[in-house]
Amino acid sequence: MKIGIVCYPTYGGSGVVATELGKGLAQKGHQVHFITYSPPARLVNFMENIYYHEVSSLDYPLFEYTPYETALASKLVDVIKYEQLDLLHVHYAIPHAAVAYMAKNILLTEGYHIPVITTLHGTDITLVGKNASYAPVVAFSINKSDGVTAVSESLKQDTVKQFDIEKHIEVIPNFIDFNRFRKVDKDHFKKALAPNGEKILVHTSNFRKVKRVEDVVKIFKQVYDKIPSKLLLVGDGPERRNVEQKCREIGLCHEIRFLGKQQAVEELLAISDLFLMPSESESFGLAALEAMACEVPVISTNTGGLPEVNIHGQTGLLSEVGDVDDMARNAIHILQDEARHKEFSLHALEQARRFDLDTILPQYEAYYQQVIAESKHTQS
Ligand code: GMT
């Protein structure tokens, strides 16, 4: 198939899922065209069957906001027509689903039919999408997509509750590439970060409010008081300043390392003992899955899709949002007993295997074929 992929070219979340999916499809011989405003963060090396089309929007003194949607729609029309794409797959509904609808209708006037699949990732529904500034367009463009997928059962339910959705929503969970995310021996690296054999706790995110990174620091403080440990904070974003302030307040700056955005997250996970994800909302929790693939148990909240990924009492432990004391107790419970920690680690790996790229990719391929066939049928 010749597939167009639209996504945010960002370092985490939906951008990573879209890029890894495109790379996986290209490896299987499909031709994949990324259409984004800058190269996707995970698209670092040249790969056969992958093409990149940059969307550039013309600025003009009249525009307070550059009309990116218009530029993206125009680029889609151009790429779809000239590359003769079979399918357009857009990730994150806002504004991609609406833009795809626009491009599809422009192409229809020229007799070209392009089926569109929208994948819902989370905040496009649960946080931003339900805001009155966007809701009518989000609902409309979901209903007008030829196929819709959600990354968890929980997100599917949220979407149906939130909007008047007539379309069937197919749940295709996020996935993990075990060639990259697996436990590897990085003992020298571990010694450098925890020279006295301290336990290593880790958190990776985009440091947005929804991630409750301050709770990570509060949990760590309670763990540190009982068990010699270090905290690695990976990623960056708007909350970083507040989090740094929190570290100063509790006087633990020397035990907490802010590592910023890292390309080789798997190397940090490989030396970690516990992953912390106290999010307010999380439709899936890809970062938790990445940790589990590296045999790191997860302390998380029980919000959204997290219970579908992190199984309470097996791969980690789950608590109510904001219940820092419970999450700290849980962290200590796992860390203080070697045999228990080992058992959680093995179950984490076992659970992560259910989301292996090799299992999930064929689900996307089958869904693509189904949507293409159905839309051909509707056309005729
Ligand atoms: O978590 C974020 O703030 C980023 C966001 C995104 O769309 O990039 O992540 C969402 O999509 C990820 C990939 O499907 C999911 O693993 C995250 O759980 C989801 N985030 C939220 O629902 C808050």
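Numbering of ligands and ligand atoms starts at 1, following listing order. Please read all numbers here as calculations on a predicted model, not as lab measurements.
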For [X], is at least one N or O under 3.5 Å away from an N or O on ligand 1?
X: Gly285; answer: yes
X: Ser281; answer: no
X: Phe284; answer: yes
X: Glu282; answer: yes
X: Gly122; answer: no
X: Thr126; answer: no

Treating [X] as the side-chain partner and [Y] as the backbone partner, does any N or O pair qualify as donor plus acceptor under 3.5 Å?
X: Arg212; Y: Lys209; answer: no
X: Asn49; Y: Ala26; answer: yes
X: Asn143; Y: Glu166; answer: yes
X: Asn174; Y: Ile176; answer: no

Pairing of Lys81 and Glu110 as salt bridge, 4.0 angstrom limit: yes
If you have a sec, work out which protein heavy atom is nearest [atom] and how many Å separate them, to one decimal?
atom: atom 22 (O) of ligand 1; answer: Ser283 N, 2.9 Å
atom: atom 6 (C) of ligand 1; answer: Ser14 N, 3.4 Å
atom: atom 9 (O) of ligand 1; answer: Gly13 CA, 4.0 Å
atom: atom 3 (O) of ligand 1; answer: Asn206 ND2, 2.9 Å

Near-ring test His96/Tyr8, centroid separation under 6.0 angstrom: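 Yes; His96 has its ring centre under 6.0 Å from that of Tyr8.
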Determine, using ring centers only, whether Tyr68 and Tyr37 are less than 6.0 Å apart. yes
For residues His30 and Met1, report the shortest heavy-atom separation together with the two atoms involved. ND1-N, 3.1 Å
Where do Phe181 and Glu266 come nearest, in terms of heavy atoms and distance?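 Smallest heavy-atom distance, with atoms named: CD2-CB, 3.7 Å.
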Which atoms of ligand 1 have any heavy atom of Tyr92 under 4.0 Å away? 7 (O)
Any idea which atoms of ligand 1 are less than 4.0 Å away from a heavy-atom of Leu286? 16 (O)
Looking only at heavy atoms of Lys211, does any of them come nearer than 4.0 Å to an atom of ligand 1? yes
Is Asn174 close enough to touch ligand 1? Criterion: a residue heavy atom under 4.0 Å from a ligand atom. yes
Using the side chain to side chain contact (heavy atoms under 4.5 Å, CB included) definition, which of the options Ile117, Ile80, Val99, Val79 pairs with Leu88?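 Answer after filtering Ile117, Ile80, Val99, Val79: Ile80.
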Relative to atom 10 (C) of ligand 1, which among Arg208, Glu290, Lys209, His121 owns the nearest non-hydrogen atom?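 Of the listed residues, His121 has the closest heavy atom.
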